[in-house]
Asker: 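Here you go, one structure.
Heads up: numbering here begins at 1 and tracks the sequence. For the numbers below, each heavy atom of this structure counts, side chains included, while hydrogens, waters and symmetry mates do not.
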Amino acid sequence: MKSIAALQAVVTATPFDGEPSAAELDAIESELPLILAEVDLLDAQIMTLGRVPTVLDARRLRRARRRVLAARRALADRTAGMVGGAA
């Protein structure tokens with residue numbers, strides 16, 4: 001019976017230290033407003049599970065969706081600006 005651990009050194013070329021790189025941390029930081037907006041939308045959706053949404057719930061969902069769209073637009077504008085701007 002062969003051990004899989006013996007083959008792992010061949011598959012894993014570089015050791016993984018378990019920490020994100022500086023580039024990954026920068027990417028996360030730039031996407032953080034979108035991530036937080038999506039979490040707020042998910043919270044609003046979870047609150048309406050199992051019951052009929054009230055007018056207040058509908059308003060909360062609509063606002064959360066708008067925040068997600070605004071964060072996506074801002075992120076797309078930032079990344080387009082870094083790449084070279086609009087055509």
Asker: By side-chain hydrogen bond (donor to acceptor under 3.5 Å, both in side chains), which residues pair with D57, not counting sequence neighbours?
Answerer: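 With sequence neighbours excluded, D57 shows a side-chain hydrogen bond (donor to acceptor under 3.5 Å, both in side chains) to R51, T54, R60, given in chain and number order.
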Asker: How many angstroms lie between CZ in R62 and CZ in R66, if you round to the nearest 0.5 Å?
Answerer: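 Going from the CZ atom of R62 to the CZ atom of R66 covers 5.5 Å.
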Asker: Who are the side chain to side chain contact (heavy atoms under 4.5 Å, CB included) partners of P20, not counting sequence neighbours?
Answerer: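 P20 satisfies side chain to side chain contact (heavy atoms under 4.5 Å, CB included) with E24, L25 once adjacent residues are dropped.
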Asker: Any chance you could pull the hydrophobic cluster mates of L41, using side-chain heavy atoms under 4.5 angstrom and chaining through other members?
Answerer: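 L34, L61, V68, L75, listed by chain and number.
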Asker: Under the 4.5 Å side-chain heavy-atom rule for ILVMFWY, direct or indirect, which residues accompany L36?
Answerer: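 L36 clusters with L32.
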Asker: Please, which pairs that meet salt bridge (charged side-chain N to carboxylate O under 4.0 Å, His left out) have at least one residue in residues 34-45, sequence neighbours excluded?
Answerer: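 Sorted pair list: E38-R72.
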